[in-house]
Amino acid sequence: MGVEKTSTQKLDTTIKEKPALVEELWTSRKEKWNGSRILILIISFLAIGLSIFHVYTAGYGTLPSWQQRSVHVLWAMLLIFLLFPFKKGKKFGVMDILIVLLTIVTAFYMITGAEAIQSRQGNINNSDLIFGTAFIALVLEATRRTNGILMSAIGVFFLAYIFLGQYFPGALAHPGVRYEKVVDHMFNGTLGIFSAPIYVSSTVLILFVIFGSFLMKSGGGQFFTNFAFGLFGNKTGGPALSAVGSSALVATITGNGAANAAITGSFTIPLMKKLGYSKRFSAAVEAVASQGGQIMPPIMGASVFIMAESVGIPYITLALYALIPAIVYFFIAGMVVYFHAKRLEMEGIPKEQLPDLKQIILKQSYLFLPILIIIGLMIYGYSPMKSGFYAILATVILSWIRKATRMNLLDILAALENGARNALIVIAACATAGIIVGAVSLTGLGITFSRFVIDVAGGNMLLLLILVAAASIIMGMGMPTVSAYVILSVLGAPALVDLGVNIVAAHMFVFYFGVLSGLTPPVAITAYTTAGIAGSNPTKTALYAIKIGLGGFFIPFLFVYNPELLLQGGDTTRISIAVVSAFLSCLFFAGALENYFLGTLGIVKRLLMFASAIFLVMPGVIGDLIGLSIVIILIIWQKKYTAFVPEKTQKMSG
């Protein structure tokens with residue numbers, strides 16, 4: 001099925017964001033003010049205030065550690081309880097009012113008595129015990145409202161494990177911990193709720209979310225989409241390739257697969273359907289690209305900031321380590337799309353209907369400068385916070401270059417509000433992740449779990465990797481990547497390190513599978529989002545997304561056995577060989593998946609392609625030689641086949 005070439009109408013690749021509350025209020029300011037609109041105004045001011053607080057502290061210095069983190073969480077929770085009702089789909093009610101009042105009272109106690117609370121660490125009084133208990137309950141309730149019952153239930157489970165350890169079997173058993181000590185650990189110090197996840201959330205993470213909001217508001221999302229369509233649109237499989245490219249670029253800003261799918265998918269999916277792609281394929285392509293944006297440097301998902309804190313490696317260095325696997329991920333997704341289009345003879349979009357790439361680069365490329373500023377400043381030695389602060393200022397200033405992208409005061413306020421609102425889900429998840437981290441440190445579960453899974457795997461590396469991968473996917477179902485990563489970083493990653501896996505590879509392994517859990521049923525959030533836009537079956541869409549992104553599930557195994565892909569170990573020659581082998585392997589793997597390589601393949605040739613892909617990623621030169629030999633034989637065979645077999649017969653095979 002081809003593309004109609006008669007129309008010369010240009011594609012509208014404008015990304016339309018949902019207006020912020022402040023914009024809605026401004027545009028409808030002549031309407032009658034009522035209780036609902038007053039509540040909207042309060043929420044809007046609170047969200048803007050939260051963003052201003054974090055932008056200011058990034059530029060001029062944070063509060064003392066416990067105060068910075070407590071203000072961050074309390075402010076976010078107040079917004080959550082105002083925005084997310086007690087019962088989903090219901091209006092703001094009596095229970096919401098009571099919880100908001102409890103949050104305000106708790107906040108007053110914590111903020112006004114911060115120094116005194118800290119001085120009582122290890123010897124808390126009854127007031128600390130009461131408000132500490134209330135605070136823990138509020139965190140779990142905020143998480144339930146934003147992340148769903150599963151994430152909140154996991155937090156409750158780990159709390160229960162602290163108290164009921166003596167009832168757990170075998171190596172998982174422990175004597176249990178006193179209630180006062182638990183509240184002290186979770187509330188008064190920086191080893192529980194206010195541990196590493198909230199430290200990162202209250203400093204770097206929210207700032208980069210705010211930066212992403214500013215970049216989107218200035219037209220950065222539209223630039224990335226126009227650039228991708230101008231670059232790939234007229235190629236074979238152009239619409240789908242453009243969706244992969246634009247979603248990958250925009251997702252580096254949003255850091256959230258489902259959110260990105262909703263933003264770019266509303267344009268790319270209808271376009272792919274219009275040009276002849278099936279509903280399921282269109283939705284699956286968008287899901288794979290959107291979810292994978294979290295692994296694409298330079299601005300990756302929140303997990304990498306926490307990873308940097310966990311492994312003691314600067315964020316910008318981790319982003320560099322993650323670059324090659326991320327490129328491999330999108331390369332294999334792109335090749336699956338390309339071979340799919342070749343097999344079905346899908347044409348690209350006529351060039352006259354596409355954005356002019358030269359004009360895009362000339363007129364809009366300045367919108368990419370803020371990202372380069374972040375990279376440059378961090379390489380130069382600036383902290384991620386300072387880099388993000390200056391990047392936000394640069395985004396506003398650069399937006400004034402052209403009238404079409406110029407940000408006025410209303411745009412700035414809307415960007416501040418959207419930034420705070422977009423961060424709420426992750427803040428709540430990080431707070432509950434802090435409960436999990438606190439439970440692990442109190443009970444020694446990390447060491448126990450590492451020994452347990454190593455014993456189950458019998459010391460076998462491959463079996464241990466499969467177990468941790470399965471656990472990562474299960475943990476990631478229905479919760480943000482950051483939550484899944486934090487849990488597995490304290491449970492699964494240490495087990496891999498104990499068995500000799502490079503520490504960066506171990507943490508990247510659980511991170512990747514936490515990301516990919518957004519595609520796996522029964523709770524494939526990103527795939528379900530794109531299925532809703534396309535009008536396709538959610539489960540079938542998720543399964544097809546797994547097929548398109550299947551190479552992504554093997555990439556973590558690749559860099560565990562070939563840490564050179566993460567620039568870990570080896571000289572330039574070994575790294576180059578590992579990278580070339582990985583790309584060739586992914587190329588042949590994509591061909592085998594789509595039953596196309598220089599023509600349709602058939603069962604025998606597909607099996608040979610799979611075999612070649614596997615041999616090419618095996619460590620050592622022998623595997624590469626065997627893999628290349630198989631492909632050379634297959635290419636010669638395929639060339640002769642396509643030369644002598646009629647075209648219709650080729651289409652019928654496989």
Side-chain angles (χ1 to χ4, degrees), residues 62-78 80-81 98-144 151-168 173-203 309 427-447 486-487 490:
T62 62
L63 301 176
S65 181
W66 193 86
Q67 286 92 319
Q68 175 80 15
R69 301 177 200 189
S70 60
V71 168
H72 171 74
V73 176
L74 288 162
W75 203 326
M77 285 200 304
L78 185 57
I80 288 169
F81 295 136
L98 293 175
I99 291 176
V100 166
L101 290 175
L102 178 59
T103 305
I104 292 171
V105 172
T106 304
F108 180 81
Y109 177 81
M110 292 174 64
I111 293 171
T112 58
E115 292 184 10
I117 292 171
Q118 286 287 280
S119 69
R120 293 191 294 269
Q121 187 175 348
N123 187 29
I124 63 173
N125 61 21
N126 289 333
S127 296
D128 293 341
L129 195 62
I130 293 169
F131 282 102
T133 301
F135 182 71
I136 293 169
L138 289 170
V139 165
L140 292 169
E141 172 60 11
T143 304
R144 183 191 69 81
M151 181 63 187
S152 186
I154 291 174
V156 172
F157 170 81
F158 275 90
L159 280 175
Y161 178 70
I162 297 173
F163 298 115
L164 306 175
Q166 63 269 33
Y167 299 108
F168 279 74
H174 68 88
V177 183
R178 288 184 302 108
Y179 186 75
E180 292 81 359
K181 185 175 180 181
V182 173
V183 174
D184 180 55
H185 192 79
M186 294 293 177
F187 172 70
N188 279 46
T190 54
L191 297 175
I193 292 173
F194 300 127
S195 59
I198 282 297
Y199 161 67
V200 173
S201 172
S202 65
T203 52
E309 185 70 18
I427 294 170
C430 284
T432 296
I435 292 176
I436 296 165
V437 171
V440 171
S441 62
L442 263 178
T443 61
L445 179 61
I447 297 172
V486 168
I487 295 170
V490 296

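Fair warning: this is a prediction, and the values are worked out from it, not measured in the lab.
- Remark: Q67 CD to I111 CD1 distance equals 9.5 Å, nearest 0.5 Å.
- Looking only at distances, a side-chain donor or acceptor of S119 sits under 3.5 Å from a matching main-chain atom of A116.
- Judged by distance alone, the side chain of T143 and the main-chain N or O of A429 form no donor-acceptor pair under 3.5 Å.
- Taken to the nearest 0.5 Å, the CD atom of E180 stands 8.5 Å off from the CG atom of N126.
- Surrounding CD of Q166 are more than 12 heavy atoms belonging to other residues, nucleotides or ligands, all under 6.0 Å away.
- Inter-residue side-chain proximity for I162 and L159 is flagged as met; some heavy-atom pair is nearer than 4.5 Å.
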task = Using the side chain to side chain contact (heavy atoms under 4.5 Å, CB included) rule, take V73 and F135 through it: C-alpha gap first, then chi angles, then the decisive distance, then the call.
result = CA-CA 10 Å; V73 176; F135 182 71; 3.8 Å; yes

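- Between W66 and F187, the two ring planes are perpendicular [angle over 60°; tilted spans 30° to 60°].
- Contact annotation: the side chain of F158 never approaches that of T443 to less than 4.5 Å [non-hydrogen atoms, C-beta and beyond].
- More than 12 heavy atoms of other residues, nucleotides or ligands sit less than 6.0 Å from atom CZ of F163.
- In this view, Q68 satisfies the side chain to side chain donor-acceptor pair (under 3.5 Å) rule with no residue, not counting sequence neighbours.
- Counting heavy atoms from C-beta on, the side chains of V183 and Y179 come closer than 4.5 Å.
- Residues M110 and S70 come closest through the heavy atom pair CE-CB, 3.8 Å.
- The backbone N or O of N188 lies less than 3.5 Å from a partner atom in the side chain of Q118, making a donor-acceptor pair.
- Considering all non-hydrogen atoms of both residues, S195 and R69 come closest at O-NH1, 4.0 Å.
- Taking 4.5 Å as the limit, every side-chain heavy atom of Y199 sits out of range of all side-chain heavy atoms of T190.
- L138 contributes atom CG, which lies 4.5 Å from atom OG1 of T103 (distance to the nearest 0.5 angstrom).
- The aromatic ring centroids of Y161 and H174 lie less than 6.0 Å from each other.
- Across every non-hydrogen atom of L140 and S152, the tightest pair is O-OG, 3.0 Å.
- Of all heavy-atom pairs between I80 and A428, the closest is CD1-CB, 4.0 Å.
- Rounding to the nearest 0.5 angstrom, the gap separating the CD1 atom in I99 from the OG1 atom in T106 is 11.5 Å.
- In this structure, CZ on F131 lies 10.5 Å from CG on N125, to the nearest 0.5 angstrom.
- Paired with F108 under the rule side chain to side chain contact (heavy atoms under 4.5 Å, CB included), one option of I104, T112, V105 passes, and it is T112.
- Shortest non-hydrogen contact noted between A142 and M77 is CB-CG, 4.0 Å.
- Judged by distance alone, the side chain of S201 and the main-chain N or O of P197 form no donor-acceptor pair under 3.5 Å.
- Note that CZ of R120 is 4.0 Å distant from CG of D128, once rounded to the nearest 0.5 Å.
- Here the closest heavy-atom approach between residue I435 and residue M186 is recorded as O-CE, 3.3 Å.
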